[in-house]
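Counting starts at 1 for both ligands and their atoms, following the listed order. The figures that follow rest on heavy atoms only: side chains count, while hydrogens, waters and symmetry mates do not. Treat the numbers as computed from the prediction; the structure is a model and nothing was measured.
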Amino acid sequence: MTTHPLLDGPNFAERDPHCFWKELEGFPSQCWAAQDLTLSRSQTPATPGEVRQIVILGMGGSAAGGDLLRAYMAGRLPIPIQISRGDGLPAGLGPETLLVAVSYSGNTEETLTALADALPKSPMAFVVTTGGTLAALVERQGLPGILVPSGLMPRSALGFLFFSLLKILDAKGIMPFPKEDVAEALPLVEQLAAGFGPARPIRDNEAKRLAVALEPRIPVVYGGPTTAMPAYRWKTQIEENAKRLALSGVLPELNHNEVEGWADSEARRFHIVFLRDRGEGDRLARRMAVTRDLLLRRVGDVSEVWSRGEGLLARLLSLIVLGDWVSYYLASLRGVDPWTIPAIDELKQRLRIAP
Ligand code: PA5
């Protein structure tokens, strides 16, 4: 197929009344702009042993920056990173916990509750937000934080949220800002945004081709330990942008449970995408190949996508950018507005009203 009647048609933008494509196309410049973000208060670097764990509080799109940080830091940091979703707190919070509350709106109920409960135990706390209650903590109560630009959907602000977390780690002397990885990753992200964007016809556009292949079925995105984060991001982006149910899973664990589920008589309704990575190693590569071979006979379709780039940051971002665009074109093919999130909005609205 050289062109697609919907994705390459002249009326393309009509199915995107809020011009959500501009948020995706602007992702590279957002990442560049994020390099200039600064903390509201200067920090004294932590002494050795002063920080024993990092806990990031956040929900939905605002948790994604923490997910990416944890995936990127895997094996690099001598201390664990936990992403805590919900109003409860993980065990073991204390003065040696570096706490970061991330909420793009600054008003997410679960994140605010968790932060309020955590602050007395873990005063080494930061926030990342655009406004709302969290910004008031920065502006009026002097909590250190990074105020990022507003105007995006939270899930589109991944660059601002992720690089803010790296800046906090740098300021606390936990990890120097990874300038070399960023210097490799961002030009690649720029190149990919152009290659997956609406102006590039389907014959040269992997994101459009994948969306067309996925559209008739329910997408399932499988990754390995490194690509688990992008796999989950694909799932949530497809759900929020395309309003389509999607699943994600991680090898090798799914080889020990989920793989049996594909004996289901409904299996043909699903399309599995395997996210592959040059760093996955021979054992995982063989596991992916055998799993794919086994499932090919059971599910509707199977695809494979490879990360691009050399460094881990570039590779992770390359898969994320592709998935974001796939979710966007899926929305277009399904005729839904990728920008609006009516069910999430209704939930927030109804939960705000006291019973
Ligand atoms: O993508 C979205 O809009 C949601 O997943 C939000 O990120 C989520 O509801 C939390 O809101 P906020 O990011 O403002 O904390």
Worksheet item: Between atom CG of D277 and atom CG of L312, what is the distance when rounded to the nearest 0.5 Å?
Response: 7.0 Å
Worksheet item: So among N241, D324, T236, which one has a side chain to side chain donor-acceptor pair (under 3.5 Å) with R155?
Response: N241
Practice prompt. Might you list the protein residues in contact with ligand 1, defined as having a heavy atom under 4.0 Å from one of its atoms, sorted by chain and number?
Written response: M59, G60, G61, S62, S103, Y104, S105, T108, P154, R155, E240, I341, K348
Item to complete: List, by chain and then residue number, the residues other than V250 in its hydrophobic cluster (Ile/Leu/Val/Met/Phe/Trp/Tyr, side-chain heavy atoms under 4.5 Å); write none if there are no others.
Response: none
Discussion item. If we ignore hydrogens and angles and just use 3.5 Å, is the side chain of S62 paired with the main-chain N or O of G58 as donor and acceptor?
Written reply: no
Worksheet entry | Test: K167 cationic atom under 6.0 Å from F177 six-membered ring centre, within 45° of axis | yes
Item to complete: Determine whether the side chains of N257 and E253 contain a donor N or O and an acceptor N or O closer than 3.5 Å.
Response: yes
